[in-house]
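I have placed the structure first, in the form of structure tokens, so that the comments after it can refer back to it.
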Amino acid sequence: MAYWLMKSEPSAYSWAQLVKDKRTSWSGVRNYQANNNMKAMQLGDEAFFYHSNEDRAIVGIMKIVKLWRPDPTDETGKFGMVDVAPVKTLTKPVTLAEIKADKRLANMQLLRQSRLSVSVVAEEEWKKLID
DNA sequence: GCCAACGTTGGC
DNA sequence: GCCAACGTTGGC
């Protein structure tokens, strides 16, 4: 079982919207590394939902409910998407500032590659973030 | 609104 | 294959 972090600007697609939708196809990724991370996802893997820009915080936990397949919105046919469903809303969001303040989280791909929209979360990092 | 970091494009 | 120019992301 692997863990991931997926970013969205709340003005584009928010956690509240996902909760309302029950599930969604994570389309629109146009970056090879993010795409490769989605290709590596397995059914049942869990992922943080991170609000970029306005919020800058992890706000919920999702699970992968459908494997990678081509993204119909990508005319080049290079990029794909997975389907996700909400698992849990965090009672207290974990802010970027809090993540940055924790030395043990300094190696998170989120911090090292700030522009990557789909990143890997190590198991130790995941556990630290949810307790 | 600014700008650093990074990815992509295209000329050579 | 290199690299300058340009576009985008996302934190501040």
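Residue numbers start from 1 in every chain, and the chains themselves are labelled A, B, ... in the order their sequence lines are given, proteins ahead of strands. These values consider heavy atoms only, across backbone and side chains, with no hydrogens, waters or symmetry-generated copies.
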When you check the phosphate oxygens OP1 and OP2 of [N], does a side-chain N or O of [X] lie under 4.0 Å from one of them?
X      : N      : result
A:Y50  : C:dG11 : yes
A:K100 : C:dC12 : yes
A:K7   : C:dT9  : no

Taking [atom1] from [X] and [atom2] from [N], how many angstroms apart are they, rounded to a whole number?
X      : N      : atom1 : atom2 : value
A:F79  : B:dG7  : CZ    : P     : 12 Å
A:D74  : B:dT8  : CG    : P     : 12 Å
A:N31  : C:dG10 : CG    : C1'   : 14 Å
A:R112 : B:dA4  : CZ    : C1'   : 18 Å
A:Q113 : C:dG11 : CD    : P     : 14 Å
A:L116 : C:dG11 : CG    : P     : 12 Å
A:N53  : C:dT9  : CG    : P     : 10 Å
A:R56  : C:dG11 : CZ    : P     : 6 Å

Which listed nucleotide ([options]) is nearest to the side chain of [X]?
X     : options               : answer
A:Y32 : C:dG11, C:dG10, B:dT8 : B:dT8
A:Q33 : B:dG7, C:dC12, C:dG10 : B:dG7
A:L96 : C:dG10, B:dG7, C:dC12 : C:dC12

Would you confirm whether A:E98, through its side chain, and A:T95, through its main-chain N or O, come within 3.5 Å as a donor-acceptor pair?
yes
Ignoring hydrogens and geometry, is there a side-chain-to-backbone donor-acceptor pair from A:N35 to A:V29 under 3.5 Å?
no
Taking NZ, NE, NH1 and NH2 as the nitrogens, is one of them in A:E123 or A:K127 under 4.0 Å from a carboxylate oxygen of the other?
yes
Before you tell me yes or no, could you show the steps for A:H51 and A:E9 under side chain to side chain contact (heavy atoms under 4.5 Å, CB included), namely the whole-Å CA-CA distance, both residues' side-chain angles and the distance that decides it to 0.1 Å?
CA-CA 5 Å; A:H51 274 166; A:E9 291 186 40; over 6 Å; no
Assess the residue pair A:T73 and A:R30 against the criterion (side chain to side chain contact (heavy atoms under 4.5 Å, CB included)); give the C-alpha distance rounded to whole Å, side-chain angles, the decisive distance to 0.1 Å, and a yes or no.
CA-CA 10 Å; A:T73 70; A:R30 297 293 182 268; 2.9 Å; yes
